[in-house]
Amino acid sequence: MENHIKALILEHATTLFGQEIDEQLIQFQVTRKDVEGDLTLVVFPFVKLLRCTPLEAGQKIGDFIEQHVSDVEKCIVVNGFLNIVFSNNYWLTQLNEVYQTASYGFAPKGSRPTIMVEYSSPNTNKPLHLGHLRNNFLGYSVAEILKADGHEVIKTQVINDRGIHICKSMLAWEKFSPLNEKGERETPQNTGLKGDKLVGKYYVEFDKNLQKEAKELISAWETGDFSSCSNEVKTAFTNFQTAKIDKDEKAIQGIDDKIKELAKNNTSILLEAKEMLVKWEARDPQVYLLWTTMNSWVYDGFESTYTKMGVDFDKLYFESETYLLGKDQVIQGIADGVFFQKPDGSVWIDLTADGLDEKLVLRSDGTAVYMTQDIGTAIDRFHDFPSLNGMVYTVGNEQDYHFKVLFLILKKLGYAWAENCFHLSYGMVDLPTGKMKSREGTVVDADDLMDEVIEKAEEMTKERGHIESLSPEERTALFEQIGLGGLKYYLLKVDPKKRMMFNPEESIDLTGNTGPFIQYAHARISTLLERAGQIDLSEIQTADLIHEEKEIIKLLTQFPQTIHEAASGYSPAIVANYIYDLVKNYNHFYQAVKILSEENTANKNLRLALSECVRRAIQQSLMVLGVQAPMKM
RNA sequence: AGCCCUGUAGUUCAACGGAUAGAAUAAGCGUUUCCUAAACGCUCGAUCCAGGUUCGAUUCCUGGCAGGGCUACCA
């Protein structure tokens, strides 16, 4: 309708305004709730053209639209806005169309290009936490929204299964794990601990011992004992000590931190870990076996967490397999003049002309850095999937700079698809007590949090739910749907790029702008429709249309546009806000009218059809948010 | 120090440059002989500061102020 009127105005521009006009001048918007109208045309842009008051301009255009568009009942000019009122017949036809279209709002599969969405990408030495939940829910939802908008989507993640951090866990496990009566070290099997938690425990264990050893080392140095280290270290330490003289407290603090760093780097335990990494890179059989074993524990642990989260992946990339990629590209890039080599052999890119710094892409010893790997992996992915058109990286905003550089490098290397790479940068999740810090033990574990919200959902549902007819299995499933639904909705309703506050209390709330609020509406409509039986729309055009109904139809017709906007903006929050608004309107309507007991059959069927359309919109919206829509609750 | 992001009711979140800045929550009041009250209605309450661009600025620009992040031959 909007496009129809726009085309009409453009076509008759000369008669209306005495000249051709720019399409940009025709600005439509949704009419405010508190004024009459279904679509609003902003009149201001035309005032200059017509040399008259906004009121006169509005009336002139309004008269024109009334005459030329049969579905327009009337036009009202208010404060420079032309509010167009559509006929009831128009809205009834719209409803009929929404009702007849099975997945109204979703674009045909494959109607848009293929996109790869990367998310999750955890380290294998730390269990998943609250931040990962936002990442996973966000990445999964964006992937689903892109699908709904017609894209082919490949969901992926990079598993950081390589590097010094893995060796730390491995070493700590070898050194500190107690032996049981059978002489075995701790395993998930003999402890019953989740694999990722067990490995995480030893990572922490490593850090503890590292700190302890570093502290001892510093005390030794302070007493002049340098027996365990080289002369360079001795000199460095002495220099730091002299530097502290006559400095203020803050400066001393800074120097102390450097001393601590120096000590850490000289601990035997870290040296051992580094040796282990060297062995790993040389494929030492013993180290490799240990690595494989411990990683498999982690994967099992992650797998169960992902299952509970309800997320999945089409293709996995392992850092151990990709970390060597990219070196060839860098070497080729030197020849092409994209990169340059410093005298020490290290390779850099100069981005100062683009307002950025110089950035290292290959170390002087020829080994790869993170950036090298990312370059290689990106190129590799486009080889793996020839139909691939673009990529979305779901990674926290602390890496904004990294991705800016990465995309720029890819572009300079001559890859046209670099334009279609997008860093879905999301803000940190804060707790009411402040930032999550692993050292202070304030990290909210993903598994624990999910269990907690499910438990809370169970408690609340038993108190007020309608679950008499459900089997024990169905009940368990329902508690999970509600608990996780609430959690996901809570994390997704906020604009991804914004830092957000996570209040554990509120995340499991059931009232207000929450997941269960939406789910409840779905359950309520579901039982209503179950009782209603067949819906008959044959007499629909004779039905009356009240204000509430019209508002809902209006919202329903905005669903396709909403999905598209959410997809182009990579924002599940747009879907969440939309569906909340729709449900609020529906609840208001539900409270205001009778449905099943309505005597006029045309009206009754209209309301049933409306309810069905709303139910579907809820179900589809929740689906792309990764939230289940219960039939009863 | 430089660069990037964010500042909206007490609190958590909304608002393609558009009309009287919406919700939720908290506080108070009200709605069940009727389809699920996990609902609905009413009351109270906000754009960090100073300039600028515009018919019109929470939104864009400049300068402050506040909070966070990034500035590793770590990953």
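Letters A, B, ... are given to chains in the order of the sequence lines, protein chains preceding strands, and every chain is numbered from 1.
Between A:Leu41 atom CG and B:A19 atom P the separation is 15 Å, expressed in whole Å. Taking atom CG on A:Asn577 and atom C1' on B:U12, their separation rounds to 13 Å, with Å as the unit. Regarding A:Asp581, its CG atom lies at a distance of 19 Å from the P atom of B:C13, rounded to whole Å. Taking atom CD on A:Glu398 and atom C1' on B:C4, their separation rounds to 13 Å, with Å as the unit. The nearest whole Å value for the distance from the NZ atom in A:Lys456 to the C1' atom in B:A38 is 14 Å. The separation between A:Leu351 atom CG and B:U71 atom P is 15 Å, rounded to whole Å. Atom CD in A:Gln399 sits roughly 10 Å away from atom P in B:C70 (whole-Å rounding). Between A:Leu356 atom CG and B:U71 atom C1' the separation is 11 Å, expressed in whole Å.
For the segment residues 492-503 of chain A, the set of residues with a heavy atom within less than 4.0 Å of an atom of RNA chain B comprises A:Val494, A:Asp495, A:Lys497, A:Lys498, A:Arg499, A:Met500, A:Met501, in numerical order.
In summary, A:Glu458 and A:Lys462 engage in a salt bridge, as defined by a charged side-chain N under 4.0 Å from a carboxylate O. The pair A:Lys33-A:Glu551 does not meet the salt-bridge criterion, since no charged nitrogen lies less than 4.0 angstrom from a carboxylate oxygen.
Under the Watson-Crick and G-U wobble criteria, each requiring two contacts below 3.5 Å, nucleotide B:A21 is left unpaired. Across all strands shown, B:C3 pairs with B:G69; the Watson-Crick or G-U wobble distances both stay below 3.5 Å. Nucleotide B:A14 has no partner under the Watson-Crick or G-U criteria, as no pair reaches both atom distances under 3.5 Å. Base pairing of B:U32: no nucleotide in any strand meets the Watson-Crick or G-U wobble criterion (both distances under 3.5 Å). Pairing for B:A27 is with B:U43, a Watson-Crick or G-U wobble pair whose two hydrogen-bonding atom distances lie under 3.5 Å. Base pairing of B:A37: no nucleotide in any strand meets the Watson-Crick or G-U wobble criterion (both distances under 3.5 Å). Under the Watson-Crick or G-U wobble criterion, with both distances below 3.5 Å, B:G63 is paired with B:C49.
Remark: the separation of the C1' atoms in B:U47 and B:C4 is 23 Å, to the nearest Å. Across B:C61 and B:U53, the matching C1' atoms stand 7 Å from one another, rounded to whole Å. Comparing B:G67 with B:A21, their C1' atoms sit 24 Å apart, to the nearest whole Å. B:G68 and B:U32 have their C1' atoms separated by 49 Å, with the value rounded to a whole Å.
For the pair A:Arg32 and B:A15, the criterion of a side-chain N or O lying under 4.0 Å from OP1 or OP2 is not met. The side chain of A:His165 contributes no N or O atom lying less than 4.0 Å from OP1 or OP2 of B:C74. For the OP1/OP2 pair of B:C40 and a distance below 4.0 Å, the side-chain nitrogens and oxygens of A:Asn587 include at least one atom meeting the criterion. Here A:Lys359 does not reach the OP1 or OP2 of B:U71: none of its side-chain N or O atoms lies under 4.0 Å away. Listed pair A:Thr40 / B:A19 fails the phosphate criterion, with no side-chain N or O lying under 4.0 Å from OP1 or OP2. Contact annotation: A:Arg524 reaches the phosphate of B:A37 (side-chain N/O to OP1 or OP2, under 4.0 Å). OP1 or OP2 of B:A75 has not a single side-chain nitrogen or oxygen of A:Tyr370 nearer than 4.0 Å.
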*With side-chain hydrogen bond (donor to acceptor under 3.5 Å, both in side chains) as the test, would you mind laying out the steps for A:Tyr426 and A:Asn135 before giving the verdict?*
CA-CA 8 Å; A:Tyr426 61 91; A:Asn135 182 306; 3.0 Å; yes
*What's the verdict on salt bridge (charged side-chain N to carboxylate O under 4.0 Å, His left out) for A:Lys258 and A:Glu261, showing C-alpha distance, side-chain angles and the deciding distance?*
CA-CA 5 Å; A:Lys258 281 183 185 163; A:Glu261 199 60 34; over 6 Å; no
*Full working for salt bridge (charged side-chain N to carboxylate O under 4.0 Å, His left out) between A:Lys342 and A:Glu358*: CA-CA 12 Å; A:Lys342 289 196 176 176; A:Glu358 284 186 356; 3.5 Å; yes
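Within 4.0 Å (heavy atoms only), A:Met631 reaches at least one base atom of the nucleic acid. Within the nucleic acid shown, A:Asp357 comes within 4.0 Å of sugar-phosphate atoms alone, with no base atom in reach, counting heavy atoms only. If you check every strand for non-hydrogen atoms under 4.0 Å, A:Glu319 touches sugar and phosphate atoms only. Contact annotation for A:Gly465: base contact, defined as any heavy-atom pair under 4.0 Å involving a base atom. Among the heavy atoms of the strands, none lies under 4.0 Å from A:Thr367. Contact annotation for A:Tyr590: base contact, defined as any heavy-atom pair under 4.0 Å involving a base atom. A:Thr511 comes within 4.0 angstrom of the backbone, heavy atoms only, and of no base. Heavy atoms of A:Ala532 sit nowhere under 4.0 angstrom from any nucleic acid atom. Contacts of A:Lys33 with the nucleic acid, taken as non-hydrogen atoms under 4.0 Å apart, are absent.
Taking the six-membered ring for Trp and the full ring otherwise, the centers of A:Phe517 and A:Tyr580 sit less than 6.0 Å from each other. In this structure, the ring of A:Tyr393 has its center no less than 6.0 angstrom from the ring center of A:Phe422. Taking the six-membered ring wherever Trp is involved, the centroid distance between the rings of A:Phe206 and A:Tyr203 does not fall below 6.0 Å.
Here the rule is salt bridge (charged side-chain N to carboxylate O under 4.0 Å, His left out) with A:Asp495, and of A:Lys498, A:Lys497, A:Arg499 only A:Lys497 fits it.
With values rounded to the nearest 0.5 angstrom, A:Leu171 atom CG is found 13.0 Å from A:Ile166 atom CD1.
Look at A:Phe44 and the base of B:G18; the rings stack, centres closer than 5.5 Å and planes less than 30° apart. Both thresholds, 5.5 Å between centres and 30° between ring planes, are met by A:Phe81 relative to the base of B:A19, so the two rings are stacked.
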